[in-house]
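Contents: one structure, followed by commentary.
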Amino acid sequence: MKAASVSAPGEVVLCCSGLHRYLGRDEGRVHVLKGVSFEARRGQVEAIVGPSGCGKSTLLYLLGLLDQPDGGEISINGNVMSNTDDAARTAARGAHIGFVFQFHFLMLEFTALENVMMPMRKLGRLPEPEMTARAHSLLASVGLGEKSHRLGTQLSGGEQQRVAVARALANQPTIILADEPTGNLDVKNSALVFDLLTRLAKENGQAVVLVTHNPEIANRCDATRPMRDGLFV
Amino acid sequence: MSPNLRIAFRFLTAKKRAMVMSLTCIVLGVGLFIITQATTTGFQDLFIETIIGADGAVLIQDKIQSARTSFETEHGSGVVIETTQDNAVKLQAGIEEPAGLVAALDDNPAVVGVSQVLKGSVDISSAVRSDTGRVYGINIDQHLKVSNLGAKIVEGSVDDFRNRPAGAMIGRELADRLLIGLNDFIQVSQSGATPQRYRVMAIFVTGISAMDRERIYLSLSDAASVLHRPTGVSYLQLQLADPARAPVESARIVDELRYNAQPWQERERSWLSAFSALQVSSAITVLVFTLIAGVAMFNTLAMIVIEKTKDIAILRSMGYERADVTRIFLWQAVIVLTIGAVIGCVFGAASTYGISKMPLRNGGISGIFSAKYYVVAWDVWHYVEAVSTAVVMVMLASIIPARRAARLEPGDIVRGTAQ
Ligand SMILES: Nc1ncnc2c1ncn2[C@@H]1O[C@H](COP(=O)(O)OP(=O)(O)OP(=O)(O)O)[C@@H](O)[C@H]1O
Ligand SMILES: [Mg+2]
């Protein structure tokens, strides 16, 4: 189970054990996650790989506290967060987790800049000018410095995805969960996004967990967790 | 600007057509509410002003010895006698010794004027015609304090009436029926008695046709002579500093002075209830618009909630709370409401102004009051009521979609299983 790591592993910031998740109702009820245990450490980039439908996104929603497990436990920074109340999970999402969805990345009526500023505004840690500056620099680091004032609708799928990555980084979360963050990107931009995530993990000690179908990306991660049929193998 | 308000604004502008629909309904609801209240209240206020101006805020008619049920009878003599009857106890009509009562009333700071009036039915004839009418004997200076008769004179003047002996003031309609004008002479008599001659010193138009058709004002002493009532008066007409307090003051007069006092609200009860029925019925009609505004807002928001579920999931994933989601949708209602209320008030005020410049058909209304143009009332409460009705309706309608949006689970949304 222990993955090979390139750099020295930091403290565990995200930890789950024995996660079960059923989806669907009645006859359609499917046992999607069958007791998944997993941990993510500061400064580590972990890849979850596996065939389509094996439950990677389902796991990521649970880890991102967007969904609640039917069994098992999730703790973030040492605090058990699964099955706590909505307010506590929401606060943890805002302060500690950056999430990149597999589909539907942006709020399309807003510009790229506004999208990136959205989580900062909610958290309210920075004054407005600093928020703007930070959002600009994040967009520049995903190669969209020129397009920060475009509306979501005026960006390509790959561009939207990169804005979503920048947005996930906005509040400097301890944990970055990204569901195929390079899925729509060409080689160059894939590398750009991946390098950015790796650099952040190393420099800021953030824990990065990403789902990917791209073997090259997976190989460059600190650890790869192959998944099949709702279990790590 | 709070992030929630910012998001609300953007969501709304993405759904312009639905928003304009809700907005229009709010504007119509608020505007029409104001217009109908302004016009119905306008006519009602004019009516109240007219009747208080003509007959004062309170009439004191007879002395109380038991309970108060009064009715008016016209005796063969032609003198109008108001009798109060309760369990067969008859009361003497009118006020036999007004002086003491007037003195007591003058001490009441709420009373700004008291006028003694002696009235009775008479036959009136001019050189060419004769007719019946009613004589009102007054002390003109007393009476000007309790009525606006002075302002209703259209020909001649109060001074002429005051200064010339044997002068009369006569209603326009009565004068027209008798085919007489200013300075003409009339003969006034109680049926059978010797007629006495008076000269028309002033002609008045109150707008109340019952008055303009039958009233002749004489001096108190002239009336006493015509009506053969050397002492006493028929009633006292009172004006109050605050006519709205007429019922309270009347009750005090009844209690303290033991005289039957009738406030204008009671005197004109049937007209007043007709006015308020009109006001209520127009408010109900207009309420329908506000109701539609509520439904339209509900519809708009429900639509936006469905279209923006993914955005709700994104917001929730970034740490926006359920309460934030509720607020984002309530803000949208507040934005539309604010714009709608402002436009609605402006629309209401502009239309009210326009209506007040509109001439009434057939040269105007007369009868219970006279008006040549639509009468409107400017009252800030109409605006407050209109806006608060819209606020209540629209906010109530918005709570449901807003809470529905807040209840959505981000996990369900991203899997597409949210409903
Ligand atoms: N609402 C649902 N009801 C029943 N089964 C569901 C439901 N949603 C998803 N599933 C099933 O759960 C399984 C896991 O889905 P999940 O989205 O986690 O897969 P994934 O590993 O992310 O796949 P992909 O690589 O294609 O994104 C799939 O087999 C899917 O069919
Ligand atoms: Mg997936």
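Each chain gets a letter, A, B and so on, in the order the sequences are listed, and its residues count up from 1. These figures come from a predicted structure and were not determined experimentally.
Within residues 158-177 of chain A, the residues having any heavy atom under 4.5 Å from a heavy atom of chain B are, by residue number, A/Arg167. Residue-level contacts of residues 5-36 of chain B with chain A, in order of numbering, are B/Arg6, B/Ile7, B/Arg10, B/Phe11, B/Ala14; threshold 4.5 Å between heavy atoms.
The line from NZ of A/Lys122 to CG of B/Asn4 is 6.5 Å long, rounded to the nearest 0.5 Å. Annotation: the span from A/Ile97 atom CD1 to B/Ser317 atom OG amounts to 9.5 Å, rounded to 0.5 Å. To the nearest 0.5 Å, the span separating CE on A/Met107 from CD1 on B/Ile314 amounts to 6.5 Å. Residue A/Leu66 holds its CG atom at 9.5 Å from CD1 of B/Ile413, rounded to the nearest 0.5 Å. To the nearest 0.5 angstrom, B/Asp324 atom CG is 9.0 Å from A/Thr90 atom OG1.
Inter-residue side-chain proximity for B/Arg316 and A/Asp86 is flagged as met; some heavy-atom pair is nearer than 4.5 Å. Looking at B/Tyr320 and A/Met118, their side chains come closer than 4.5 Å, going by heavy atoms from C-beta outward. In this structure the side chain of A/Tyr61 reaches within 4.5 angstrom of the side chain of B/Val414, judged on heavy atoms. Between B/Met318 and A/Phe99 there is no side-chain heavy-atom pair separated by less than 4.5 Å.
Within 6.0 Å of the CZ atom in B/Arg322, the count of heavy atoms belonging to other residues, nucleotides or ligands exceeds 12. Within a 6.0 Å sphere centred on CZ of A/Phe194, heavy atoms belonging to other residues, nucleotides or ligands number more than 12. In B/Phe347, the CZ atom is crowded: over 12 heavy atoms of neighbouring residues, nucleotides or ligands sit closer than 6.0 Å.
If you measure heavy-atom distances from A/Leu23 to chain B, the contacts under 4.5 Å come from the side chain alone. In this structure, the portion of A/Leu106 lying under 4.5 Å from any heavy atom of chain B is its backbone and not its side chain. Heavy atoms of A/Phe110 lying under 4.5 Å from chain B belong to its backbone as well as its side chain. Contacts of A/Glu114 with chain B are made by side-chain atoms alone, with heavy-atom separations under 4.5 Å and no backbone atom involved.
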